[in-house]
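Accompanying notes for the structure given below.
Only heavy atoms go into these numbers, but all of them, side chains included; no hydrogens, no water, no symmetry mates.
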Amino acid sequence: MVFGITGSLKCVLYVKFHTTKGPEIVYEYPKDYISEDLFKSAFEYICPKQELADCLVKYGYDDLKIVGCPVWLSSTVKYQDDRSTLRFNVCFVFDCHEDVTRYESCIRKLSTCLKRLEMDCDFITNNDSQLESIIQTVYDDLNSRGYCNLVLAGDTQLALQVNPQPAESLPVIKRSQVPVLLASLERLKKYRWDMMSAKLIPVIDGIKTVQQLINECNTDADLTISCIRNLLYMKLIVLVPVFRLSNVYLLTSGFDFFQKDETLRQKCLNFVRMAPLQRNGVSNGHSIGESDVNANIEASSSEVRSRGTTIEEVINLYSLMSTGLSLQSVLDQVRAANVDLRRLVQFGVIHGFLRRLFKYPYLPKGAPVGDVEGPGLDEMRRLFDGSHSTEELASLFNVSLEKLEAMIESYHSIILYMR
């Protein structure tokens with residue numbers, strides 16, 4: 001039993017839209033838990049129109065709450081006998097007062113995986129009967145242990161885990177962010193992961209962005225992000241900004257606590273002291289945007305001094321970062337102190353006393369946009385609303401940050417906010 005779970009899940013049901021009968025419960029566990037009246041009132045939300053496909057849908061009825069992520073697939077070849085569509089949903093049923101946010105990643109992950117299997121190997125079409133044992137396993141294991149491991153088509157495995165904290169307490173995952181492991185790979189390899197997690201975890205190196213991990217794993221983006229969200233819930237990773245020498249940071253109020261906490265200071269000192277780095281342990285991902293970043297760090301790592309780094313030097317480096325200087329401007333002082341710059345930044349960000357400043361482009365309504373043209377520029381301009389950072393936009397449109405910022409500079413009407 002984990003997370004204090006004591007039978008929070010009341011029922012799991014597999015619903016499918018039948019050509020002549022309409023929506024129907026194909027499998028349900030425990031059986032006959034959902035009354036006919038309840039299903040009649042809820043079927044348009046349990047098996048909704050296409051507009052709600054792939055969305056988390058919640059429906060309340062009396063003392064119960066039903067949550068699902070409906071799937072809608074179209075094919076005039078595969079589903080010609082079913083109005084050219086396949087519509088299904090696996091729903092979780094709870095008490096109306098239950099905090100269902102802890103289960104949301106399980107519901108999304110299960111829905112995404114079943115959808116992908118149907119698209120790849122007709123899993124739902126050819127193995128409909130397997131859903132009966134699947135929903136029973138999900139119900140029993142999530143209620144008794146808080147997690148379950150499913151073996152689906154062939155050797156495809158899926159791990160589901162109830163999250164220890166509500167979804168609202170976690171930040172939104174952006175593709176421009178960098179996941180950093182909080183546990184060693186050796187420790188993580190001892191756990192039995194689903195295939196997606198087992199493929200993703202070894203390539204999380206604290207350098208690659210979410211988008212780069214999606215590309216490297218060559219996996220479905222939604223499934224990869226769902227896996228990252230699950231690792232966030234389990235507190236096995238944190239998300240930090242991309243490391244660039246052009247980055248600018250500010251210290252937060254938490255820096256006062258850092259200076260007074262002897263244990264945290266010593267932990268920081270042990271973490272940031274320069275040690276020789278292996279070249280194959282550093283990625284030259286294009287979204288990092290500065291080919292000299294890793295070269296500079298490696299060069300300084302080869303100049304390890306005999307004297308040790310002091311905490312006073314580390315505190316002084318953090319103070320320098322908060323004066324509006326870029327990392328490039330403090331690189332010489334970092335080398336002199338025999339400190340790993342990337343680790344220095346990561347430690348401050350992870351422990352919450354160092355915050356990156358981002359650039360947010362804003363194009364006032366009616367302002368001239370100039371003569372710059374290119375693919376996707378019209379769509380990009382609509383996002384120059386002051387709420388999307390240049391980092392987000394570069395990742396979203398798959399362009400380098402340097403190219404995007406050069407384009408923005410050519411627009412004299414665009415205002416750049418730093419915050």
From [atom1] ([X]) to [atom2] ([Y]), nearest 0.5 Å:
X	Y	atom1	atom2	answer
C69	L52	SG	CG	10.5 Å
L200	I237	CG	CD1	7.5 Å
T310	R273	OG1	CZ	9.0 Å
K49	R87	NZ	CZ	9.5 Å

Validation row: [X], [Y] side chains within 4.5 angstrom (heavy atoms):
X	Y	result
I66	L38	yes
L114	Y14	no
K16	L86	yes
V15	F88	no
F347	L269	no
N230	Q161	yes
E392	L383	no
L213	V203	yes

- Message: Could you check whether N215 and Q211, counting side-chain N and O atoms only, form a donor-acceptor pair closer than 3.5 Å?
- Response: yes

- If you measure only the distance, is there a donor-acceptor pair under 3.5 Å linking the side chains of S322 and S319? no

Return the minimal non-hydrogen interatomic distance between [X] and [Y], and the atom names on each side.
X	Y	result
W72	S74	NE1-OG, 3.4 Å
S326	L245	CB-O, 3.6 Å
P179	T209	CD-C, 4.3 Å
I135	L13	CD1-CA, 4.5 Å
R355	R419	NH1-C, 3.6 Å
N338	T309	O-OG1, 3.3 Å

- What ring-ring contact (aromatic ring centres under 6.0 Å, His included) pairs are there with at least one residue in residues 105-140, not counting sequence neighbours? Y29-Y139

- According to the side-chain hydrogen bond (donor to acceptor under 3.5 Å, both in side chains) rule, which pairs have a member within residues 253-264, sequence neighbours left out? none

- Message: Here's a test for you: under salt bridge (charged side-chain N to carboxylate O under 4.0 Å, His left out), which of R356, R175, K174 qualifies with E391?
- Response: R356

- Message: With a 4.0 Å cut-off on N to O distance, would you call E104 and K58 a salt bridge?
- Response: yes

- Message: What I want to find out is whether K359 reaches E405 closely enough, with some N-O distance under 4.0 Å, to be called a salt bridge.
- Response: yes

Whether [X] side chain and [Y] backbone form a donor-acceptor pair below 3.5 Å:
X	Y	result
N270	Q266	yes
D340	R343	yes
Y45	G60	no

- Query: Are F353 and F255 close enough that their ring centers fall under 6.0 Å?
  - Reply: yes

- Mutual orientation of the aromatic rings belonging to Y103 and F92 [parallel < 30°, tilted 30-60°, perpendicular > 60°]: perpendicular

